[in-house]
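To keep things clear, I will list the structure first and then write my remarks on it.
Note that ligands are numbered from 1 as they come in the structure, with each ligand's atoms numbered from 1 the same way. All heavy atoms count here, side chains included; hydrogens, waters and symmetry mates do not.
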Amino acid sequence: MANVLVTGGAGYVGSVCCAELLRAGHSVVVVDDLSTGFRLAVPPGAPLCESDIADPGAMRFLFSENKFDAVFHFAAKALVPESVSNPGVFFQQNVAGGISFLEAVRAAGVKKFVFSSSAAVYGAPQTVPIDEEHAKEPTNSYGETKLMLERALEWYASAYHWSVVALRYFNAAGATEAAGERHQPESHIIPLLLQTAAGGRDFFTLYGADYSTPDGTCVRDYVHVSDIAAAHLLALDAMKTSGMTAYNIGCGQGYSVRQVISAVEDVTGKRIPLRFAPRRAGDPAVLCANPTKLKRELGWEPSHSQLATIIESAWTWKLQHPRATWLPEAEPSPRVSDFAALKL
Ligand SMILES: NC(=O)c1ccc[n+]([C@@H]2O[C@H](COP(=O)([O-])OP(=O)(O)OC[C@H]3O[C@@H](n4cnc5c(N)ncnc54)[C@H](O)[C@@H]3O)[C@@H](O)[C@H]2O)c1
């Protein structure tokens, strides 16, 4: 069993992955600055170090107090619209902060690293479905920062004999009993539609109904957050030799915005009022993964990623957390140390 440091473990995908690691018998420590995450999202059993990953003193302390076998790196700024309007903060946090963190990992001698990358590294697809060899031409600074850290990791893998897996998620979606999607501001389609179904929004804005797709709306590949977590655990088991490998995480099947709206209406029994708006710059018509490599090399098979299952799980979570607050009886995770008080 491994002792895994999870950055961003108080966030949406990271918290589900922590729970899966614990369920599989691994030990977990979370480092998260709670900038977009939530203390109560960290599963019981995973101590939380409340710190910026780019704080070298805090990271030195964390690594000196713990012996980790692997790092799962989820912490990042991840809202695409913000990356377009404010690229500087993305390069500062995801790239400069990311490399400062890699240096802390290197100093501690940890050599297994799983990186949360994104389909955004590919940019506008030249062929669909997209495989890992597809050209990498990001169309927003978010994707560019993910690609830059991937490239840095390739050099770390070759120079320092790290074993690195970059997992390029397509659209993470759905919920577990304990964790659901909750970004602020929310920009992801399924939580926006569910907020509309629950009466928290008057309408859903549909950007572009004139794409060259069967019903004119954009097509995306949705993958349940539990299936993403499963891919991380498979990657951990597979990291035996040095080098870097990238895998797409997607189902290989796309759903249009209209299909998602209709599935949300079926699951919730509510009609979703729509407002139509022009296409958004940089939104390709179809984004769909070719996940063959992940299936062939790591034996991954999605088991929760049918669209109805994704939406049902997210709706159940939403009903249990009407204002997206966490269950009141949940106890905060213990903190390893008060890094705020640490002046190194
Ligand atoms: N959600 C998706 O559809 C999706 C798709 C592709 C890739 N990803 C990637 O997956 C990862 C997790 O995404 P998410 O949707 O769970 O986002 P999230 O915002 O819910 O989680 C990110 C977590 O990282 C923490 N964090 C951010 N910067 C930090 C820093 N400097 N130091 C310490 N903690 C920090 C936040 O507080 C938060 O808890 C991100 O790297 C994201 O780019 C997500």
Can you list the atoms of ligand 1 that are under 4.0 Å from a heavy atom of Leu34?
-> 37 (O)
Has Asp52 got any heavy atom lying under 4.0 angstrom from an atom of ligand 1?
-> yes
For Ala54 and ligand 1, does the shortest N/O to N/O distance drop below 3.5 Å?
-> no
Tyr160 and Trp162 aromatic ring geometry - parallel, tilted or perpendicular at 30°/60° bounds = tilted
For residues His232 and Phe74, establish whether the separation of their ring centroids is below 6.0 Å.
-> yes
Return a yes/no value for Gly37: is any of its N or O atoms, backbone included, closer than 3.5 angstrom to an N or O of ligand 1?
-> yes
Min over Ser117, Gly11, Ala179, Ala172 of heavy-atom distance to atom 7 (C) of ligand 1 lands on Ser117
Ring center gap for His188 and Tyr12 short of 6.0 angstrom = no
Gln93 N/O to ligand 1 N/O under 3.5 Å | no
Lys146 to ligand 1, any heavy atom closer than 4.0 Å = yes
Hey, is Gly9 one of the residues with a heavy atom under 4.0 angstrom from ligand 1?
-> no
Test of proximity, Asp33 against ligand 1: N or O pairs below 3.5 Å = yes
Does even one non-hydrogen atom of Ser51 get within less than 4.0 Å of ligand 1?
-> yes
Polar proximity ligand 1 side, Phe74 side, N/O cut 3.5 Å exclusive = yes
Could you tell me whether some N/O pair between Val31 and ligand 1 is separated by less than 3.5 angstrom?
-> no
Could you tell me whether Ala78 and ligand 1 have an N or O pair separated by under 3.5 Å?
-> no
Taking atom 42 (C) of ligand 1 as the reference point, the nearest protein heavy atom with its distance = Tyr142 OH, 3.5 Å
Using a distance-only test with no angle check, is there a side-chain donor-acceptor pair under 3.5 angstrom linking Tyr122 and Asn248?
-> yes
Compute the ring centroids of Tyr222 and Phe170, then answer whether they are less than 6.0 Å apart.
-> no
Do any N/O atoms on Ile53 end up under 3.5 angstrom from N/O atoms on ligand 1?
-> yes
Judged by non-hydrogen atoms, does Phe38 sit under 4.0 Å from ligand 1?
-> no
Pairing of Lys293 and Asp131 as salt bridge, 4.0 angstrom limit | no
Contact check, Gly97 vs ligand 1, heavy-atom distance below 4.0 Å = no
Donor + acceptor pair across side chains of Ser116, His73 (<3.5 Å) = no
Could you state whether Met244 and Ile99 fall into the same hydrophobic cluster, counting links through intermediate Ile, Leu, Val, Met, Phe, Trp or Tyr residues with side-chain heavy atoms under 4.5 angstrom apart?
-> yes
Would you say ligand 1 has an N or O under 3.5 Å from any N or O of His73?
-> no
Contact check: Ser118 vs ligand 1, nitrogen or oxygen atoms, below 3.5 angstrom = no
Would a hydrophobic clustering, with Ile, Leu, Val, Met, Phe, Trp and Tyr connected at side-chain separations under 4.5 Å, put Leu193 with Leu307?
-> yes
